[in-house]
There are 2 protein chains.
Amino acid sequence: MLPFEVQHQPGKPVSEQLIYAVKKAVAQGRLQTGDSFPSVRTLSRELRINPNTAQKAVTQLTQAGILEIEPGIGTRVRKQAKLSTAEASAILDEPVESLVIEAKRLGLTLEQLEARMRKTWKNLNH
Amino acid sequence: MLPFEVQHQPGKPVSEQLIYAVKKAVAQGRLQTGDSFPSVRTLSRELRINPNTAQKAVTQLTQAGILEIEPGIGTRVRKQAKLSTAEASAILDEPVESLVIEAKRLGLTLEQLEARMRKTWKNLNH
DNA sequence: CTAGGTGTATTAGTGCTCATAGGACACCTA
DNA sequence: TAGGTGTCCTATGAGCACTAATACACCTAG
């Protein structure tokens, strides 16, 4: 059994959905620092996707600092390094602005958006 | 002069960047209800993109309820209809969850994320 | 040492989206 | 009528996503 769930939405790249599922599992604590991560071939078999697609996701997750490779042995969940404010900004600025624009367009108030975000935050805690 | 700015980022579809720029301009109030919107051919000329690409953006913005067409005359910014809570949820749930996951991964607290969002909200007011 | 696991790389082919190009039509206004 | 508007059509090229089948270097367990 895999330590995360992937819901394949047609139209979106399979590799990106796998990446998102892993990020979500890490945020939820279902994947913790030091946990061993399924091999490329296991992912391929369990998710019924091509080994290359699985490897693409693993490669990007490694470059993102979420997984780390031990050559010849396997992959583990890496200890998350704390990033600087500038680095966090570079990553978050776009999705934050995009979300705010969408919320304004839908007629929400700032308070309503914050309430929705707090709820989502707490739902991800376990 | 166009009532919005489009910054072409290579790798992302031109039509989607145009759509995003228009949404942003509406959220900022640079485009207001009733304002006339540039024609497909004007967009094509000013932005140096194909007329089909411009039309694709206009079509999607119309379907999203942001623009409205007056046949033979032109396009206008439509009055925003207030959506139900359920409809707003369907649109916002995904980006909110995605943002929360990313913020948690980067080690931010809920308070830090809210502060960043409030700042972005206010910066878009004018 | 060998067998079997790991990540990695290569080459090839298919299908889809994006963007471009050129042309055409129905509609409305001046 | 002339010129603007949105809309539609076919065609082409580029790039990406995914699949497929190999092959290689590395490490561990037996």
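Below, chain A is the first sequence line, B the second, and so on; all start at residue 1.
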Novice: Choosing from D/dT5, D/dC8, C/dT6, which nucleotide comes nearest the side chain of B/S39?
Specialist: D/dT5
Novice: Any Lys/Arg nitrogen of A/K24 or B/E97 sitting under 4.0 Å from an Asp/Glu carboxylate oxygen of the other?
Specialist: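 Result for this pair is yes, salt bridge flagged.
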Novice: Please give, in whole Å, the distance from C/dC18 C1' to B/K12 NZ?
Specialist: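 Taking NZ of B/K12 and C1' of C/dC18, I get 15 Å after rounding.
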Novice: Could you give the CD1-to-C1' distance, from B/I19 to C/dT17, as a whole number of Å?
Specialist: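 Those two atoms, CD1 and C1', are 14 Å apart.
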Novice: Give the rounded distance in Å between these two atoms: CD of B/Q63 and P of D/dT7.
Specialist: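 Whole-Å distance recorded here is 10 Å.
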Novice: Which residue, A/H8 or A/G72, contacts DNA chain D at a nucleotide closer to its 5' end, judged by nearest heavy atom?
Specialist: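 The residue closer to the strand's 5' end, by nearest nucleotide, is A/H8.
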Novice: Got B/T85 and A/R116 here, is their nearest side-chain heavy-atom distance under 4.5 Å?
Specialist: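 Result yes, sub-4.5 Å side-chain heavy-atom pair found.
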Novice: Just by distance, do the side chain of A/Q80 and the backbone of A/R78 share a donor-acceptor pair under 3.5 Å?
Specialist: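 Side chain of A/Q80 to backbone of A/R78, a donor-acceptor pair under 3.5 Å: yes, one is there.
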Novice: Using the side-chain heavy atoms of B/E16, tell me which of these nucleotides is nearest: C/dG7, C/dC18, D/dT7.
Specialist: C/dC18
Novice: Please give, in whole Å, the distance from D/dG6 P to B/F37 CZ?
Specialist: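 Whole-Å distance recorded here is 10 Å.
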Novice: Less than 4.0 angstrom between a side-chain N/O of B/T59 and OP1 or OP2 of D/dG6, yes or no?
Specialist: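 Answer no for this pair, as no side-chain N or O of B/T59 is under 4.0 Å from OP1 or OP2.
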Novice: Looking at side-chain heavy atoms only, is the closest gap between A/L92 and B/M117 below 4.5 Å?
Specialist: no
Novice: Let's test this: given Watson-Crick or G-U wobble pairing with both distances under 3.5 Å, identify the partner of D/dT1.
Specialist: C/dA30
Novice: Figure out the CG/C1' separation between A/L18 and D/dT19, and round it to whole Å.
Specialist: 16 Å
Novice: Under a 4.5 Å cut-off applied to non-hydrogen side-chain atoms, are A/F4 and A/L18 in contact?
Specialist: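 A side-chain contact under 4.5 Å exists here.
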Novice: Could you state the atom-to-atom distance from CZ of A/R41 to C1' of C/dA9 in whole Å?
Specialist: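 So the two atoms are 12 Å apart, to the nearest Å.
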Novice: Ignoring the backbone of B/N52, work out which of C/dT10, D/dG6, C/dA21 is nearest its side chain.
Specialist: C/dA21
Novice: Calculate the interatomic distance between B/Q55 atom CD and C/dC25 atom C1'; express it in whole Å.
Specialist: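 For the pair B/Q55 CD and C/dC25 C1', the rounded distance is 13 Å.
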Novice: Within the structure, does a side-chain N or O atom of A/T53 lie under 4.0 Å from either OP1 or OP2 of D/dT19?
Specialist: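 For D/dT19, OP1/OP2 do have a side-chain N/O of A/T53 under 4.0 Å.
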Novice: Judged by each residue's nearest nucleotide on DNA chain D, which is more toward the 5′ side, A/I73 or B/R45?
Specialist: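 Going by which nucleotide is closer to the 5' end, it is B/R45.
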Novice: Given atom NZ of A/K56 and atom C1' of D/dT19, what is their separation to the nearest angstrom?
Specialist: 12 Å
